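Have a look at the structure below before the remarks.
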Amino acid sequence: MSSSSSSLLSTLQLPLKPLPGDCGHRFFGPLRDRLAYFYNEGRDKFFENRIQKHKSTIFKTNMPPGPLIASCPHVVCLLDAVSFPVLFDTSKVEKRDVLDGTFLPSLAYTGGHRVCAYLDPSEPKHTSLKSFILSTLSARHHKFIPLFQTGLSELFNELEAQISSKKEAYFNTLSDTMSFNYVFRLFCDKSPSETRIGFKGPKLVDKWLLFQLAPLGSLGLLPNLLCYFEDILLRTFTFPFFLVKSDYRKLYDVFYEFGSSVLDEAESKFGIERDEACHNLVFLAGFNAYGGMKVLFPGLVKWVALAGQKLHKKLADEIRTIVEVEGGVTLSALNKMVLTKSVVYEYLRIDPPVPFQYGKAKVDFVIQSHDAAFEIKKGEMIFGYQPFATKDPKVFENPEEFVADRFVGEGEKLLKYVYWSNGRETEETRAGNKHCAGKDLVVLLCRVMVVELFLRYETFEVESGTFMFAPSVTFKSLTKVSSSP
């Protein structure tokens with residue numbers, strides 16, 4: 001062990017233990033764990049059972065997809081709030097080609113380019129590409145709220161119409177349409193309905209996303225012959241790009257045409273070739289933004305709905321009072337809504353929209369949990385399951401409970417343990433780190449959604465489930481505000 005490791009251990013005074021866990025046979029071990037993860041145990045139980053078995057929140061296991069797609073599915077798994085942040089430390093872990101875990105989808109899905117999300121900050125292109133993305137977002141900050149309000153108004157109108165005619169409304173489809181329209185309008189200054197893709201944008205992106213991420217998903221089938229068929233279908237070979245080539249080309253062409261001002265800046269200011277910039281723009285808009293919103297907004301609505309009418313009343317009172325005083329939904333107004341802010345952070349804590357983080361050890365180092373230390377070897381893949389880190393019972397009281405005011409007042413100190421954005425909530429996104437470029441925008445849009453919901457409705461009820469990667473939400477009732485504030 002290195003002298004720096006010895007120094008760290010003497011400071012922490014934690015016992016150094018061998019890493020528990022067994023990855024098993026190189027083929028059958030990953031297959032065993034994959035079936036347990038998706039079917040025999042389920043995702044959360046998979047991790048819970050191994051914590052109990054090894055009496056440790058750090059252990060070795062295998063993560064999907066495994067053979068034949070991933071040549072090495074072995075990982076060191078981190079499941080507590082203390083160890084998890086090492087995945088943000090790019091001096092210790094490499095973030096090269098680990099966005100999707102232990103495998104990299106064909107680069108044909110991104111025009112043959114390794115887009116910014118696949119790059120480690122040590123790679124020269126990372127700084128220029130992320131600076132380009134941050135600059136693009138910054139230049140459009142004045143559009144964030146009004147464009148989203150327009151989209152929400154359209155969404156709520158359709159929700160009300162469907163509930164009126166069908167007595168229920170499936171939120172996910174409406175949210176997807178609103179999300180894609182918002183992202184396209186933000187970057188291209190045009191409604192997608194005015195372009196050649198018309199209203200097909202969400203379906204085009206959904207297909208492109210599905211074919212890349214299919215090995216990581218499941219319909220949640222119970223253990224039977226059908227689930228084994230699904231496993232073979234999704235995780236034996238990756239889906240070939242040619243099946244979505246024409247769909248992706250339509251997306252690329254429309255962003256190339258209508259995102260010209262964004263691409264001009266990429267070329268002139270950051271020295272990025274136009275083709276590469278456009279593929280990064282499509283990935284930013286389709287994978288990062290729209291793909292994230294597919295999970296983000298249904299999850300937010302689900303948790304707020306399930307919190308019940310008592311919370312709804314408190315939110316409505318806070319929101320309407322401040323909006324009236326401030327004269328509208330402004331940044332100043334949003335920043336004064338302490339309960340609304342806390343509700344959004346609590347959602348991002350209890351059910352982070354991107355639950356997985358990966359990194360490959362750049363050097364040998366020692367990592368600690370709450371009660372032990374372990375040595376990580378250079379080259380080992382490190383995996384963190386975020387919901388366990390952000391529901392660490394040694395950090396959060398009643399971690400499995402949605403506590404709406406958890407981050408009010410003194411509770412704000414706990415924000416440093418909210419890790420949803422590939423970094424701490426209290427840290428800033430920079431060109432030199434892997435923090436989500438749209439971190440602040442995500443928080444802003446979640447707040448605006450909650451605000452607009454309770455400016456328009458007193459309360460609402462939903463039924464929720466899960467489909468593939470996202471919560472599934474169906475509105476069953478809406479109670480409109482009787483009069484404006």
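Here the structure is a predicted model, which is why all the values come from computation and not from measurement.
Shortest non-hydrogen contact noted between Ala277 and Phe132 is O-CE2, 4.2 Å. Closest heavy-atom contact between Val363 and Ser91: CG2-O, 4.5 Å. Nearest heavy atoms, Met63 versus Thr102: O-OG1, 4.0 Å. Here the shortest heavy-atom pairing between Asp364 and Lys378 reads OD1-N, 2.7 Å. When all heavy atoms are compared, the tightest approach of Thr61 to Cys77 is CG2-CB, 4.2 Å. Minimum heavy-atom separation, Pro355 to Pro387: O-CD, 3.6 Å.
Between Phe47 and Tyr37, the two ring planes are perpendicular [angle over 60°; tilted spans 30° to 60°]. Note on ring orientation: taking the six-membered ring where Trp is involved, the planes of His54 and Phe59 are tilted (angle from 30° to 60°).
A distance of 7.0 Å separates CD1 of Ile133 from CG of Asn288, quoted to the nearest 0.5 Å. With rounding to the nearest 0.5 Å, the separation of CD1 in Ile367 from CZ in Phe374 is 9.5 Å. Here NE2 of His74 is found 9.5 Å from CG of Asp22. Values are rounded to the nearest 0.5 Å. Here Ser106 contributes atom OG and Phe242 contributes atom CZ; the two are 12.0 Å apart, rounded to the nearest 0.5 Å. Atom CE of Met449 and atom CZ of Arg447 lie 15.0 Å apart (nearest 0.5 Å). Distance check, rounded to the nearest 0.5 Å: CD1 of Ile145 to CG of Leu334 gives 5.0 Å.
Using a 4.5 Å cut-off on side-chain heavy atoms (C-beta onward), Trp420 and Thr390 make no contact. Val93 places none of its side-chain heavy atoms less than 4.5 Å from the side chain of Lys362. A 4.5 Å side-chain heavy-atom check between Asp275 and His113 finds at least one atom pair inside the cut-off. Counting only heavy atoms from C-beta outward, the side chains of Phe287 and Thr110 never approach each other to under 4.5 Å. Proximity of Tyr228 to Leu35: side-chain heavy atoms (C-beta onward) are separated by under 4.5 Å at one or more points. Between Trp303 and Asp351 there is a side-chain heavy-atom pair separated by less than 4.5 Å.
Checking Glu412 against Tyr345 by side-chain atom types alone, no donor-acceptor pair falls below 3.5 Å. Side chains of Asp100 and Gln212: a donor-acceptor N/O pair is absent below 3.5 angstrom, by distance only. With 3.5 Å as the limit, one finds no donor-acceptor pair spanning the side chains of Asn172 and Ser175. Using a 3.5 Å distance cut-off with no hydrogens or angles, the side chains of Ser135 and Glu265 do pair a donor with an acceptor. Side chains of Arg43 and Tyr385: a donor on one and an acceptor on the other come within 3.5 Å.
Atom CD of Glu273 has 12 or fewer heavy atoms from other residues, nucleotides or ligands within 6.0 Å. Heavy atoms from other residues, nucleotides or ligands lying under 6.0 Å from NZ of Lys125 number 12 at most.
A salt bridge is defined here as a Lys NZ or Arg NE, NH1 or NH2 lying under 4.0 Å from an Asp or Glu carboxylate O, and Arg274 with Asp264 meets this definition. Between Arg34 and Asp231 a salt bridge is recorded (basic side-chain N to carboxylate O distance below 4.0 Å). Between Asp120 and Lys95, no side-chain nitrogen of the basic residue sits less than 4.0 Å from a carboxylate oxygen of the acidic one, so the salt-bridge criterion is not met. The residues Glu346 and Arg406 are annotated as salt-bridged, a charged nitrogen and a carboxylate oxygen being separated by less than 4.0 angstrom. Contact check on Glu427 versus Lys416 returns no salt bridge, with no Lys/Arg side-chain nitrogen under 4.0 Å from an Asp/Glu carboxylate oxygen. Electrostatic pairing of Lys377 and Glu380 does not count as a salt bridge here, judged by no charged N lying under 4.0 Å from a carboxylate O. Note on Lys439 versus Glu425: salt bridge recorded, some NZ/NE/NH1/NH2 to OD/OE distance being below 4.0 Å. The pair Arg249-Asp253 meets the salt-bridge criterion, with a side-chain N (NZ, NE, NH1 or NH2) lying under 4.0 Å from an Asp/Glu carboxylate O. A salt bridge between Asp247 and Lys203 is absent, with no side-chain N of the basic residue lying under 4.0 Å from a carboxylate O of the acidic one. Contact check on Asp371 versus Lys394 returns a salt bridge, with a Lys/Arg side-chain nitrogen under 4.0 Å from an Asp/Glu carboxylate oxygen. Salt-bridge formation is not detected for the pair Asp97/Lys360: no Lys NZ or Arg NE/NH1/NH2 atom is positioned less than 4.0 Å from an Asp or Glu carboxylate oxygen.
Under the ring pair (Phe, Tyr, Trp, His ring centres under 6.0 Å) criterion, Phe84 pairs with Phe88, Tyr419, not counting sequence neighbours.
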Given side-chain contact (heavy atoms from CB on, under 4.5 Å), test Val443 with Lys341 step by step and report yes or no.
CA-CA 8 Å; Val443 173; Lys341 287 195 290 185; over 6 Å; no

For the pair Ile51 and Leu79, evaluate side-chain contact (heavy atoms from CB on, under 4.5 Å) and give the outcome as yes or no after the intermediate values.
CA-CA 8 Å; Ile51 289 174; Leu79 299 176; 3.7 Å; yes

Check against side-chain hydrogen bond (donor to acceptor under 3.5 Å, both in side chains), Asn422 and His435
CA-CA 5 Å; Asn422 199 14; His435 225 137; over 6 Å; no

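Between Phe148 and Phe297, the distance from one ring center to the other falls under 6.0 angstrom.
Within the structure, ring-ring contact (aromatic ring centres under 6.0 Å, His included) pairs that include any residue of residues 247-271 comprise Phe184-Phe255, Trp208-Tyr248, Tyr248-His279, Tyr252-Tyr256, Tyr252-His279 (at least two apart or interchain).
Both tests do not hold together for Arg235 against Phe103: distance to the six-membered ring centre under 6.0 Å, angle to the ring axis within 45°.
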